[in-house]
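These numbers come from a predicted model, not from an experiment. Reckoned from all heavy atoms, side chains included, excluding hydrogens, waters and symmetry mates.
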Amino acid sequence: MQLVLEKRVERSGTIALVSPLIAIGLTILTMVILFAILGKNPLLALHAYFIAPLTDGYSLLEIAVKATPLVMIAIGLSLCYLANAWNIGAEGQFLIGAVAGSWIAVKTQGTDAGAWVLPAMFVLAAAAGALYALIPAICKVKFGASEILTSLMLVYVADLFLDYLVRGPWRDPQGFNFPTTAEFDPVATVPLLIEGGRLHLGSIIALLVVAAAAILLGRTIKGFEIRVVGAAPRAARFGGFNANQLIILTFAVSGALAGLAGIIEVAGPIGHLQPGISPGYGFTAIIVAFLGRLNPVGILIAGLFLALTFIGGEQAQIAMKIPLDVTKIFQGILLFYVLACDSLILYRFKLVFPNREVTRGAG
């Protein structure tokens, strides 16, 4: 007897739409069991994670702040994944963008530079993120290297490069030997939208990115090309679409958005460059992309939901002494269930016997 996966002849469109909700429900059920194992009241823990942040105005603003980089990175990743190009290294592109944009802030520190500084930081960060993403893309196109492995390994290169800079040549001499640059000048910081909070202009930029992606995928030839190359490679070749060029393009756009998100995070909520500027935004954005069904509007909603888990995790840590790493466990379990549900939409389990076949769970 052997258990195999058999491709379904057709899939249910309704199940495909509700699949993220099923994944979230299964994740919450799993977390209830985990909270019980940790000796915490599951209902109080879920309230701290998902309800309490929604009842406080400051927490709502913080959710928007956390969602900004997640949504921007996930939009870029969705373009890659729709084109069947697997960029796993957005975390590294995020860090490189932060470093490149911060270079201008560091070099103009205390020079009374004009309003050109912040736009220049944005442009340089996006360019650096795009160039960094092109490394695995070109290795894929020219040498057949796995873009999954190369993009992932480059994350560690970017992380160590950032660590070297803030502990060495860029370290603030007045910073009491902490590994950080000096605080950015006002012209090098992202403007706040609401005084007294941390909500900044980057949130508006993220919404514009969502709108641009929706138009690209729904109203342009290039968007149609991205979807066709990913869904039907043979048809794309017959249609004259160049898959290799599309890999280069989608990686570049994805890297540019990740790099832009990096400098917005550094020049916005943080205000200076330091190690640990990302709690794993580049990896969490992968969950956001799939939970949002690779759809721009869906990604916006999923980004807000994952941001809620970050803020809820911090509140649960304070109120119930639940380790902050439980948030990462939640996100990992969520990704598992999202991918599992997607797999069962496309395939079904089948028991194969030596002399006969019995099908189970045809659904």
Side-chain angles (χ1 to χ4, degrees), residues 3-6 8 11-56 59-60 62-63 66-67 70-71 74 77-78 81 279-295 297-351 359-363:
L3 185 65
V4 299
L5 283 175
E6 181 181 70
R8 296 180 185 271
R11 69 173 189 171
S12 169
T14 302
I15 294 297
L17 288 177
V18 302
S19 174
L21 299 179
I22 296 173
I24 291 173
L26 291 172
T27 302
I28 291 175
L29 179 61
T30 304
M31 293 305 295
V32 166
I33 298 173
L34 178 59
F35 289 139
I37 293 174
L38 292 174
K40 307 296 182 181
N41 186 316
L43 293 180
L44 292 179
L46 291 177
H47 182 275
Y49 263 88
F50 301 111
I51 305 300
L54 300 178
T55 61
D56 178 70
S59 295
L60 288 174
E62 284 297 300
I63 290 172
K66 288 287 188 182
L70 289 175
V71 170
L77 291 178
S78 69
Y81 300 158
Y281 286 135
F283 297 117
T284 306
I286 298 174
I287 305 174
V288 172
F290 282 108
L291 187 63
R293 316 308 294 163
L294 305 182
N295 177 280
V297 176
I299 286 172
L300 176 61
I301 298 172
L304 291 169
F305 176 74
L306 266 296
L308 173 62
T309 67
F310 276 114
I311 303 302
E314 294 173 358
Q315 295 200 7
Q317 182 186 32
I318 296 171
M320 301 184 63
K321 303 299 186 291
I322 295 176
L324 193 59
D325 287 339
V326 171
T327 299
K328 296 181 180 179
I329 295 175
F330 174 89
Q331 294 170 355
I333 293 173
L334 178 59
L335 178 60
F336 169 79
Y337 281 128
V338 168
L339 297 180
C341 289
D342 285 350
S343 297
L344 293 178
I345 290 172
L346 299 174
Y347 300 89
R348 61 180 178 179
F349 285 111
K350 186 175 184 179
L351 285 176
T359 302
R360 297 281 179 86

Is there a side-chain contact between Gln331 and Phe310 in this structure, where contact means two heavy atoms from C-beta onward sitting under 4.5 Å apart? yes
Spatial distance of atom CG (Asp325) from atom CZ (Phe330) [nearest 0.5 Å]: 15.0 Å
Shortest non-hydrogen contact from Pro53 to Gly312? CG-CA, 3.8 Å
Is there a side-chain contact between Glu314 and Lys66 (heavy atoms, below 4.5 Å)? yes
Side chains of Thr30 and Tyr337 in contact at under 4.5 Å (non-hydrogen atoms): yes
Apply ring pair (Phe, Tyr, Trp, His ring centres under 6.0 Å) to Tyr81 and list each qualifying residue two or more places apart in sequence or on a separate chain. Trp86, Phe290
CZ/Phe50: more than 12 non-hydrogen atoms of other groups inside 6.0 Å: yes
Does the side chain to side chain contact (heavy atoms under 4.5 Å, CB included) test come out yes or no for Asp342 and Arg293, once each step is laid out? CA-CA 10 Å; Asp342 285 350; Arg293 316 308 294 163; 2.9 Å; yes
Can we call the ring centroids of Phe35 and Tyr49 under 6.0 Å apart? yes
Heavy-atom side-chain contact between Ser78 and Ile299 under 4.5 Å: yes
Non-hydrogen atoms of Cys341 and Ile22 that approach each other most closely: SG-CG2, 4.0 Å
Reported CG-to-CD1 distance for the pair Asn295 and Ile301, which is rounded to 0.5 angstrom: 8.5 Å
In the structure I gave you, are the side-chain heavy atoms of Gln317 and Leu324 within less than 4.5 Å of one another anywhere? yes
Heavy-atom pair with the smallest gap, counting every atom of Ile287 and Gly332: CD1-N, 4.4 Å
Quick check: do Thr309 and Thr284 have side-chain heavy atoms less than 4.5 Å from each other? no
Show the nearest heavy-atom pair for residues Gly303 and Val71, with the distance to one decimal. CA-CG2, 4.0 Å
4.5 Å side-chain heavy-atom contact, Val326 and Met31: yes
For Phe283, check ring pair (Phe, Tyr, Trp, His ring centres under 6.0 Å) against everything at least two apart and list the hits. none
Step by step, work out the side chain to side chain contact (heavy atoms under 4.5 Å, CB included) result for Leu334 and Leu306. CA-CA 10 Å; Leu334 178 59; Leu306 266 296; 4.0 Å; yes
Here the pair of heavy atoms bringing Leu304 nearest to Ala67 is CD2-CB, 3.7 Å
Show every salt bridge (charged side-chain N to carboxylate O under 4.0 Å, His left out) that has at least one partner inside residues 34-52, sequence neighbours left out. none
Separation of Ile333 CD1 from Leu34 CG (nearest 0.5 Å): 6.5 Å
To the nearest 0.5 angstrom, please state how far the CG atom of Asn41 sits from the CE atom of Met320. 6.0 Å
Only one of Ile63, Leu60, Ile51 forms a side chain to side chain contact (heavy atoms under 4.5 Å, CB included) with Leu308, so which one is it? Ile63
Which pair of non-hydrogen atoms, one from Gly292 and one from Ala302, has the smallest distance, and what is that distance? N-CB, 3.9 Å
Is there a side chain to side chain contact (heavy atoms under 4.5 Å, CB included) between Ile24 and Ile28? Walk through the geometry before answering. CA-CA 6 Å; Ile24 291 173; Ile28 291 175; 3.9 Å; yes
Can you tell me how far apart CD1 (Ile33) and CG (Leu38) are? Round to the nearest 0.5 Å. 12.0 Å
